[in-house]
Each structure stands twice: as C-alpha cells, then as structure tokens.
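Structure record follows, encoded as structure tokens.
What's counted below: heavy atoms across the whole structure, side chains too, no hydrogens, waters or symmetry copies. Naming convention: chains lettered A, B, ... in sequence-line order (proteins, then strands); numbering from 1 in each chain. Being a predicted model, the structure only gives us computed values, none of them experimental.
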Amino acid sequence: MMLEVNDIHTYYGMSHILQGISLDLREGEVICLLGRNGAGKSTTIRSIMGFVHPASGSITYEGEDISRMEPFEICRRGIGYVPQERRIFPTLTVQDNLEVIERKTEGGWTVEKIFNTFPILEGLKNRTGRHLSGGEQQILAVARPLMTNPKLLLLDEPSEGLAPLIVKAIEELIHEIIKAGISVLLAEQNMRFAMRVAKRGYIIDKGMIHHQGSFEELKEDKEIIGKYLAV
Amino acid sequence: MGFITIPSIPGHIYFYFFLNGLANTTCYFLLAAGLSLVFGLLGVFNFAQGSFFMIGAYFTYQLVHWTQNFWLCLFVSPFVVVIVGILVERYLIRYTYKININFQLLLTFGLILVIEDTIRLIWGVQWRTVEEADILKGIIPIFGGGYPVYNIFHTVMGISVFVALWLFLNKTKYGKIIVAAASDKELASSLGINVPRLYVFVFALGSWLAGLMGVLHGPLININLDMGHEYIMDAFAVVVLGGLGSITGAFVGSLIIGQIRAFGILYVPYFERIFMYVLMMVILIWRPRGLFGEKT
C-alpha cells in the first residue's frame, strides 16, 4: 500500500471530528472520499497532510508513519496538497507562485514543464495571484503542488464553487496529472465529478466511513446515495 | 509665551531640517522594518526590538573602547544581536506561537526588563558615548553652511538597507518564499517550505537590523538605559502608519514621521512628539491596516 490511514481519531479543541477513519490507496490508484459538507472530508485530508495530528490511530505512507510529522516534511516525502479555498499567494505572480516551491530534481517538474502541460498558465505568468479569476486560481492551485514532485496528490473539493465549464477544465487537468503517474486522493461532494475521475470511493459522514467500494456498485445503490450524499 | 514659534531663519536652514528628518528616517526604519518583518511572518509583535537595538549600541561602545575601530563594529555588533535574537526565538518565543497572543506580548515585554537589567549589571547606569570613525567626522559645506558628514553617512546607510531589503524580498527566491509564507504559513508548509527555519531566519534578520541601528545611531546619541523603549514607541507609530508587514510601508512611514519630528522641533518644540501620535490615531481610525498594509 502507498497510503494507509488506520483508525484515526482527530479533534479540533474539544470536538471529536474524525471518529475512526480508515482508508488505503495503492500506488497509481485514484480514490475519492465522498460526503456532504461537514462530514469530515477536509479534516481527513488535513490529518494526512499533518496540519492537525490525530489523537490516535496511524497514517503510514510508503511504510513510514507520518502521523506526527510537519506538513513540509510530509510534502518532501512526496505528498502534494490542493487546498479547498485555492489559497494562491496573492501578491506573487503566477510564475513566482510556482517558483518559490520549486525543488530541483532530475526529471522533476519545472515551471517550464508546468507551462507546457497547462498552457493557460503561461499566458497568465506575470499576473499576481489576486488578479486571477476563481477558475484561473483553481487551475494554478491544482498545478502548483506538482512543483514539489508528488507521488500522491490530495485534492480537497477542487470542483467547489466553479462554473460547469471550469469544472470540466479542472477534470481534464486531473486526468493529465493521473496520466503523469501520480496517485490521487480526492475529497468531493459532487458525485458525478468524483465518478468521472475516480474508480473507487469511501462514503464519509459524521466523521466515520459508512461505505466503501467501486463506483460501479455505488451508483446503483440508491439507498446509500439518498442517505449520505443527496443534499 | 507662544507654543508655536515662527523663527526668522534663512532658507537653507529648512534644508538642514529636511536632512535631519532623513537622518531620523534611517533610525526609525531600521527598527520598524525589523518589527514589521517579524510581525508579517511570525505574527509576533516584538516589543524587545528596542532592547535589541540597545544591545547593539552598548556592544558597539565596548568594541570601540577595546579596538577604536568603528568599522569593525559595523560588522560584528549586528551579529552579536543576531545570536541573541536566534536564542530568543528558538528557546522562548517559539513556545508561544500556538497559545494566546497575550503571552507573546508579556514575554517580549518581560524580555525588555531582563535585557535592560542585564545591561545595567554589565555597563552600569552612566551614559556612554561612541566615537565614529575619523573619516566620518567633520562637516561638509552645503548651501553656505555646514552639515555633519556622519548624518549623511547615517542616511545613506538607511536608504541602502531599504533598497537591499526591498530587492531581497521582491527579486530573490528566498525573499519571495518569505513573502509567500507570510501570506499563508500553513499552505507554504504543505508545499515543502520549512517554515520553522524561516522563522529563525526572519527573526535573525530583524535582530540584525536592530543591531545595525545600534551601531549607526550610537555616535548620534548618549547611550543609556532608556533608549530602547524611547525608540520602540516611535517605531510602533511608524509601523501603524506604514502598515504592519510591509517593508515599503515601514520606509514611507519612517520618511513621514522623520520629517514630522524634524519640522515639529522647528515650529512647535513643546509639542513636537504629539503630531506623530495624532497622525497614528488618524490612521488607526481612517485606515487601520496602514498606508501599505495588506487587506486581511
């Protein structure tokens, strides 16, 4: 297994948010964490990324326990993160947003390679983060962690709040990333979007996993969809 | 007796007051830039910045006393303050990042008392003076009068440090990393930036600036135990005016406050300090983030 999350319990202050989450992901796999707002998707991703340390349970990445590490150490082991609210560095240009995190390795991602793969960013390279549209920011937010040469990418609701056309563009972008051999863990509440990207999923609600399996089976299960996913 | 004096003075004297204002700018800027940089990244308002300036000044006094070499102090004293700064960040302030901000304020305020008393123990209560290098002594003729060479040197140093800092933050990769991390620490960390190490670097840079001011300002004043908190209030007004976290703001704030104080002395010597605080209040009401502060 590339990533194994084993029975983690995460708290924010006194609130018991994650109540025993377990999931796993094999190298090259694309999986999705599906659930409504407040179900615990972001907290699961934030626990894996090291922003908040679980009180118990373990998170193992490529055989190493990362549950007590700082985010930058986790990133340097090969996990990339795309935050929910995009969070582009507002005063830096598109090019600088990429360059500040560049880690030069042989055959790794460079600013040039990012521009070749996502040509729209090249046209915006001198624009500062705060002057990008929501869709442009999202494209940059998805492309940016590639500069750290991740083997696994965590995406927190990349389709949220975007126009359908932009959602389509983001979807294509994620397919590019998968094609480049990067494994993906996606958190989503948009089931259609999730099914177009991932093959297998976990349904999360109130900080617990309630169902797991392939989307082929899941899309037939009206009861589960109605109970955990319908708005 | 009127509070406002309109002296009949020759025109070139105004120019001298303008130059005095620029010399003030340097000292405010070096202190305010450190405050602003540290606050921008670490979110810590370091009241002890003024005490770091004091360490720089006293150490410069000692080193000049031993070696008679002012230039040596320009290199050595700021680094002594850097070492103090690194120890303070690593072993004291670091423990307060995740707790209530009141503890940070109490801690840096407590540091002022500890540093001042330590200096009192080492150098006593008497005033000390520092002599500048021979080449910086004397006056140069401007507009038929004379102006101290040292003040010009002091001003040029301040402006050079501003330009260097601006270039560092805006044109170098490491500077841009600091800007990025200051705007979103958590995200910067998730993108592989070692934020704790950046904290040490920026705190050390702030300490270096305070130490440099200690050396540069030494020859202009009597070095005494009150100098730290006197200047920290002025620097506080500068960062409120310019905007916390902005180096350009710290410089423009220093320019404005420097001139206000220089001409305040000329026209309203009784109340010259008041203008600075009135301006600070106006800014706090009208534009709380300061002239160059980022929207939060």
Side-chain angles (χ1 to χ4, degrees), chain A residues 13 42 45-53 66 69-105 108-109 111 128-130 137 140-141 143-150 153-156, chain B residues 36-37 39-43 90 94-95 97-100 165-202 242-251 289-296:
Chain A
S42 285
I45 293 225
R46 292 174 59 79
S47 300
I48 298 170
M49 204 60 222
F51 295 133
V52 47
H53 296 308
I66 57 167
M69 288 183 188
E70 291 298 311
F72 78 90
E73 297 170 302
I74 293 169
C75 168
R76 289 177 184 187
R77 276 164 177 74
I79 301 185
Y81 169 66
V82 178
Q84 192 172 10
E85 316 81 3
R86 309 191 269 268
R87 290 160 71 176
I88 300 304
F89 300 125
T91 56
L92 298 186
T93 62
V94 168
Q95 179 148 2
D96 287 343
N97 261 279
L98 297 167
E99 262 174 14
V100 290
I101 50 170
E102 184 168 15
R103 308 194 72 74
K104 288 199 174 83
T105 48
W109 287 83
V111 177
T128 51
R130 69 153 69 93
Q137 285 191 350
L140 179 58
R144 180 171 57 179
L146 296 179
M147 293 298 289
T148 67
N149 301 311
L153 194 61
L154 313 177
L155 289 138
D156 197 352
Chain B
S36 208
L37 272 173
F39 185 85
L41 181 69
L42 287 71
R90 180 69 190 77
R94 183 165 292 189
Y95 296 103
Y97 294 138
K98 287 183 179 167
I99 55 177
N100 192 305
L165 267 182
W166 189 91
L167 288 174
F168 169 64
L169 290 172
N170 290 284
K171 299 291 170 197
T172 69
K173 182 173 171 183
Y174 205 72
K176 288 173 189 173
I177 289 175
I178 292 172
V179 173
S183 70
D184 195 333
K185 283 175 243 188
E186 189 187 79
L187 194 74
S189 180
S190 81
L191 292 167
I193 293 168
N194 185 343
V195 177
R197 198 168 66 195
L198 220 50
Y199 277 20
V200 179
F201 176 81
V202 167
L244 265 171
S246 163
I247 283 297
T248 308
F251 188 70
R289 66 188 154 106
L291 296 174
F292 290 83
E294 287 290 325
K295 267 187 203 161
T296 50

### Task
Examine whether an atom of Arg77(A) lies under 4.5 Å from a heavy atom of chain B, and if so say whether it belongs to the side chain, the backbone or both; otherwise answer neither.
neither
### residues 166-176 of chain B: residues contacting chain A (heavy atom under 4.5 Å, by number)
Lys173(B), Lys176(B)
### Query
Just wondering, do Met49(A) and Glu186(B) contact through their side chains at under 4.5 Å, heavy atoms?
no
#### Entry: Side chain to side chain, Glu73(A) and Asn194(B), heavy atoms closer than 4.5 Å
no
### Summary
Scored by heavy-atom pairs under 4.5 Å with chain B, the best of Asp96(A), Ile79(A), Leu154(A), Asn97(A) is Asp96(A)
## Note on the structure
Honestly, the part of Ile74(A) sitting under 4.5 Å from a heavy atom of chain B is neither
### Message
Between Ser189(B) and Phe72(A) (side chain of the first, backbone of the second, donor and acceptor by atom type, cut-off under 3.5 Å), is there such a pair?
### Response
yes
### Cys75(A) to Leu191(B) - nearest heavy-atom pair and separation
SG-C, 3.4 Å
### Message
Quick check for you: among Gly192(B), Pro196(B), Ala188(B), which has the greatest number of heavy-atom pairs under 4.5 Å with chain A?
### Response
Gly192(B)
## Note on the structure
Rounded to the nearest 0.5 Å, the CZ atom of Arg144(A) sits from the OG atom of Ser190(B) at a distance of 7.5 Å
### Query
Closest heavy-atom contact between Arg87(A) and Asp184(B)?
NE-OD2, 2.8 Å
### Summary
Per-residue tally against chain B (heavy atom, under 4.5 Å) across Glu70(A), Met147(A), Glu102(A) peaks at Glu102(A)
### Task
List for me each residue that meets ring-ring contact (aromatic ring centres under 6.0 Å, His included) alongside Phe292(B), sequence neighbours excluded, and say none if there are none.
none
